[in-house]
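The chains referred to below are lettered A, B, ... by the order of the sequence lines, with proteins before strands, and numbering in each begins at 1.
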There are 2 protein chains.
Amino acid sequence: MNGQFQIAIHILTLLDQAGDDLLSSEYIAGSININPVLVRKEIRNLRNYGLINSKEGKTGGYSLAKASAKIVLADVYKAVKSHPALGQAKNLPNPACAVGRQINQHLDDLAAEVDTAIVGKLTKITLADFSQKFK
Amino acid sequence: MNGQFQIAIHILTLLDQAGDDLLSSEYIAGSININPVLVRKEIRNLRNYGLINSKEGKTGGYSLAKASAKIVLADVYKAVKSHPALGQAKNLPNPACAVGRQINQHLDDLAAEVDTAIVGKLTKITLADFSQKFK
DNA sequence: TGTACTGTAACTTTTTTAATTACAGATGAA
DNA sequence: TTCATCTGTAATTAAAAAAGTTACAGTACA
């Protein structure tokens, strides 16, 4: 469990509030209260998913790559997700045991079903919906 | 992210397959391929939620506390859950910032909604459904 | 009364996450 | 030009979380 999703939502919300103004990693980090390098790392990821634009150089900074009404929270979830929401076993179960031999496959199937449920939920919420709560 | 849910499901599946026979922590640990003490710890938790019976002493071991058709995977999820599925931020956002000041509340609300979706999904699946895949 | 379990605390090791440092590259302004 | 202020990213360190281990008391049966 980590706070990547929360950080990503926080960043995107700030950028939405800022409109066309560019925000610096320093400013964003100050609002979240984390290290600016982590902000830049997370933004690199979100940019790869087409959610954020960045501009280098003196007057550089970040802005949303598209309207917040066009971004659903499931986009953020997918961008950030590294492990299944249910967690992940890191042990190799005993292949000599009938249950151990097959359980990882069945657990993976289950995790995928749960993931689908989460994405279904988060597809119904846009960044604009979320961001609006702060106005 | 950890593997508690997976371990719990593994334990419960083994116990279901064993029927009335008691299984030892040693045996269970051998199937999962983890330390027996971790099995006993997880079972203590599941027992507190009324899912498992244990018997001490020489012929001791573990068994299901009720029929696997009466256990839904949401019971296991709730028993095991320590953090919200979306993760949890551990930083204190900046209270001087309009977004930082309120975001934790809104993120918590969102996490609760997602959690409800997960529980909804996992309430439809019984341990018997899952365990049946191994027969 | 010995054996084979569970129950649990304390501690160590490993893994993961977050923070930090450092610096190259970009861009605009004096 | 050249300085200031950003981003981009690698490398390292520190902190936190998870898993593993050791140890031993308590229980129950033979």
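Using a 4.0 Å heavy-atom distance criterion, I43(A) is classed as making no nucleic acid contact.
If you take CG of L38(B) and P of dT6(C), they are 14 Å apart, rounded to a whole angstrom. The interatomic distance linking F5(A) (CZ) with dA18(C) (C1') rounds to 20 Å, in whole Å. Distance E26(B) CD to dC5(C) P: 8 Å, rounded to the nearest Å. Taking atom CG of residue N91(A) and atom P of nucleotide dT14(C), one finds them 17 Å apart after rounding to whole Å. The CZ atom of R40(A) sits 17 Å away from the P atom of dA18(C) (whole-angstrom rounding). For the pair Q6(B) CD and dA18(D) P, the computed distance is 13 Å after rounding to whole Å.
Proximity of Y27(B) to the phosphate of dT6(C): no side-chain N or O atom is located under 4.0 Å from OP1 or OP2. Between S24(B) and the phosphate of dC5(C), there is no side-chain N or O to OP1/OP2 separation shorter than 4.0 Å. Residue R47(A) has no polar side-chain atom (N or O) positioned under 4.0 Å from OP1 or OP2 of dT7(D).
When each of N33(A) and T59(A) is assigned the nucleotide of DNA chain C bearing its nearest heavy atom, the one mapping closer to the 5' terminus is N33(A). The residue among K58(A) and K41(A) whose nearest nucleotide of DNA chain C is located toward the 5' end is K41(A). Annotation: of the two residues near DNA chain D, S54(A) and G57(B), the 5′-most nearest-nucleotide partner is S54(A).
Looking at every heavy atom in both residues, V76(B) comes nearest to A8(B) through CG1-CB, 3.7 Å. In terms of heavy atoms, F134(A) sits closest to Q17(A) at CB-NE2, 3.6 Å. When all heavy atoms of S63(A) and L15(A) are compared, the closest pair comes out as C-CD1, 4.0 Å.
Tested against F130(B) for a side-chain contact (heavy atoms from CB on, under 4.5 Å), the candidates I9(B), L12(B), V72(B) yield a single pass: I9(B).
Around OH of Y27(A), the count of heavy atoms belonging to other residues, nucleotides or ligands within 6.0 Å does not exceed 12.
Interface remark: the R44(A) side chain does not form any donor-acceptor pair with the dG8(D) base, using a distance-only criterion of under 3.5 Å.
Considering only the side chain of E56(A), dT7(D) comes nearest among dC5(C), dT7(D), dA10(C). Distances were taken from every side-chain heavy atom of N35(A) (C-beta onward) to each of dG28(C), dT20(C), dT9(D); the shortest belongs to dT20(C).
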